[in-house]
Amino acid sequence: MENSFAITTTFIAYLILMLAIGVIAYQRTKNSSDYFLGGRSLGPWPAALSAGASDMSGWLLLGLPGYAYAAGIEAFWLAGGLLVGTWLNWLINAKRLRTYSITTDALTLPEFLSRRFNDKSKMIQVISAFFILLFFLFYTSSGLVAGGKLFETVFGLDYTTAVVIGTVCVVSYTLFGGFLAVSWTDLVQGLLMAAALMIVPIAAMEGGFSDLGGQLENINPELLTLWNDSKGEPLSAIAIISLVAWGLGYFGQPHILARFKATRTNKDLTTARRIAVIWTALSMLGAMLVGIVGLIYVNNSGVTVDDGEKIFMLLVNSLFHPVIAGILLAAILAAVMSTADSQLLVSSSALAEDFYKQVFKQDASSEEIVMVGRIAVIGISIVALVLAMTPDSSVLGLVSYAWAGFGAAFGPALILSLYWARMNRNGALAGILVGGVTIVVWKQLSGGWFDVYEIVPGIIFSTISIVVVSMLTGEPEESVKAQHAKFEKQLVELD
């Protein structure tokens with residue numbers, strides 16, 4: 001009873017802090033630029049940690065430890081791909097996207113792509129918004145599943161009740177504070193997540209798990225090799241490519257790319273990149289250690305675990321005082337909230353800016369767009385809540401589908417739009433459509449190369465379609481060429 005009270009008190013204090021940040025941000029949110037991009041005012045620390053925290057989500061404390069718990073060192077393929085992808089995304093996209101979004105005065109990713117190619121039909125914007133809503137429903141629901149598992153495990157709540165409580169927590173401050181609330185809370189939550197992931201395995205190793213290699217070998221020597229799975233079977237090329245290819249997804253994630261556009265200056269992005277890469281490396285190393293140490297703990301103690309994705313919670317409850325455990329478990333809530341809030345915000349901006357304003361009311365005021373965005377937050381969260389109602393849902397599984405969807409639909413289109421002056425409107429539209437549709441179709445196929453992670457064919461087919469269609473349909477309009485030239489000049493000036 002005392003344990004439960006201490007943990008509950010810690011959680012309530014944490015939620016009050018997040019809501020207070022939301023209220024302060026609400027007072028500084030005056031228009032749609034403030035609500036969706038925070039007035040482009042982020043410094044390097046909030047930009048870096050907000051991008052990282054919104055990226056990693058509940059899978060960093062549940063999905064990745066669960067994978068390392070089951071597969072051992074094999075998880076390094078996945079973590080390595082993600083670390084390289086993080087670095088390349090900041091290096092390749094950040095400065096150019098921030099500069100070009102200023103050149104085009106675009107708030108959202110669909111709006112940027114539409115204005116980049118002077119798409120008078122608005123098809124790029126509307127189709128992009130459709131894919132954002134489709135894939136974010138799965139992504140957001142993965143966060144709600146993680147939140148449900150947290151409240152179910154910690155408080156013994158019914159899963160359905162746990163998911164509803166988690167959803168209310170996230171919606172409450174996103175609804176009012178918008179991008180500033182999301183970014184400021186992400187800064188706090190990112191630091192908490194990294195600290196928790198380093199403290200838990202270190203504490204466990206000091207408690208008698210220092211010889212990780214020897215103990216893992218006693219459990220299953222195959223867990224110590226990069227080249228075999230846990231059953232001793234050699235990892236296939238398809239398996240390795242699929243794991244490393246997760247890093248390709250970064251180039252098309254709207255909620256991460258929004259941090260680039262919202263950063264204060266281009267120079268801040270260089271500092272932010274270094275912070276983000278270090279944070280990602282430490283966090284993923286800690287997550288894998290949690291899974292490996294957790295496996296040893298379960299093997300030594302005889303405890304049974306029905307779901308490997310709950311191993312972080314098991315270690316925290318077993319190794320720490322209830323007050324400390326409450327703080328560390330709040331890191332899972334932080335991971336869930338930091339991603340779900342960003343996803344809800346990007347989804348609401350897609351509905352408000354890219355659907356409502358373009359299709360229904362082009363003269364809508366900034367205040368009206370913010371109101372529509374807030375209503376969209378509630379509507380989208382309800383749909384995601386319905387998708388999250390299955391307790392057996394895998395956090396990593398839900399994330400993988402949405403991650404591939406964004407990576408294929410927007411990654412090639414965005415990179416080529418920032419670097420290739422010859423790309424035109426038809427090529428962009430073809431790339432977005434082919435990339436998004438490939439993910440949906442490939443996911444339904446299996447056997448042989450159809451087992452490769454769908455992001456790989458999605459990105460390949462999207463890139464080919466952009467290049468082929470752009471070359472076959474003539475050069476871009478003169479106004480598009482002039483805008484690209486203006487962007488290149490502005491990029492030099494802002495650097």
Side-chain angles (χ1 to χ4, degrees), residues 2-11 13-14 49 52-53 56-73 75-76 79 146 149-155 188-220 223-224 278-336 338 395:
E2 181 182 347
N3 289 4
S4 179
F5 176 77
I7 292 176
T8 302
T9 303
T10 305
F11 267 62
Y14 177 78
L49 294 187
M56 291 302 177
S57 72
W59 86 268
L60 182 63
L61 289 99
L62 299 181
L64 186 54
Y67 181 41
Y69 176 86
I73 302 300
F76 274 95
K149 290 183 177 182
L150 170 65
F151 285 109
E152 182 185 36
T153 300
V154 175
F155 301 113
V188 176
Q189 291 166 164
L191 292 171
L192 179 58
M193 288 160 63
L197 285 167
M198 296 308 294
I199 290 170
V200 171
I202 289 173
M205 286 186 281
E206 286 182 350
F209 302 109
S210 55
D211 183 19
L212 294 182
Q215 295 193 60
L216 267 185
E217 189 170 11
N218 290 334
I219 297 171
N220 182 356
L223 296 174
L224 288 168
I278 292 171
W279 181 90
T280 301
L282 291 175
S283 297
M284 288 196 295
L285 176 62
M288 288 186 293
L289 284 174
V290 166
I292 291 169
V293 169
L295 175 61
I296 295 171
Y297 176 83
V298 168
N299 185 70
N300 291 349
S301 63
V303 177
T304 57
V305 178
D306 61 339
D307 183 351
E309 291 189 341
K310 294 181 180 179
I311 192 62
F312 177 84
M313 292 180 273
L314 185 147
L315 285 177
V316 168
N317 282 324
S318 302
L319 299 172
F320 295 91
H321 183 277
V323 174
I324 304 300
I327 296 172
L328 294 174
L329 289 172
I332 300 178
L333 185 60
V336 172
S338 63
V395 176

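Any value given below was found using the heavy atoms of this structure, including those in side chains, with hydrogens, waters and symmetry copies removed.
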Hey, mind stepping through Val290 and Leu64 against side-chain contact (heavy atoms from CB on, under 4.5 Å) and telling me if it holds? CA-CA 9 Å; Val290 166; Leu64 186 54; over 6 Å; no

In Å and rounded to the nearest 0.5 Å, what is the [atom1] to [atom2] distance from [X] to [Y]?
X	Y	atom1	atom2	value
Ile199	Leu319	CD1	CG	12.5 Å
Leu60	Met288	CG	CE	10.0 Å
Leu315	Leu289	CG	CG	11.0 Å
Met313	Asp307	CE	CG	7.5 Å
Leu285	Thr280	CG	OG1	12.0 Å

Is there a side-chain contact between Ile311 and Val293 in this structure, where contact means two heavy atoms from C-beta onward sitting under 4.5 Å apart? no

If you define the side chain from C-beta out and look only at heavy atoms, does anything of Asn317 sit under 4.5 Å from Leu329? yes

Identify the two heavy atoms, one from [X] and one from [Y], that lie closest to each other, and give their separation to 0.1 Å.
X	Y	result
Leu197	Ala287	CD2-CA, 3.7 Å
Ile73	Ile292	CD1-CD1, 4.1 Å
Glu309	Leu62	O-CD2, 3.0 Å
Gly291	Ala68	CA-CB, 4.1 Å
Ala75	Tyr67	CA-CE2, 3.7 Å
Phe320	Ala325	CB-N, 4.0 Å

Donor-acceptor contact present, side-chain Trp279 to main-chain Gly190, <3.5 Å: yes

With [X] via side-chain contact (heavy atoms from CB on, under 4.5 Å) - residues at least two apart:
X	value
Ile278	Leu282
Asn220	Glu222, Leu223, Ser230
Ala281	Leu83

Just by distance, no angles: are the side chains of Gln215 and Asn299 close enough, under 3.5 Å, to form a donor-acceptor pair? no

Those residues at least two apart in sequence (or on a different chain) that pass side chain to side chain donor-acceptor pair (under 3.5 Å) with Ser318 are Tyr297

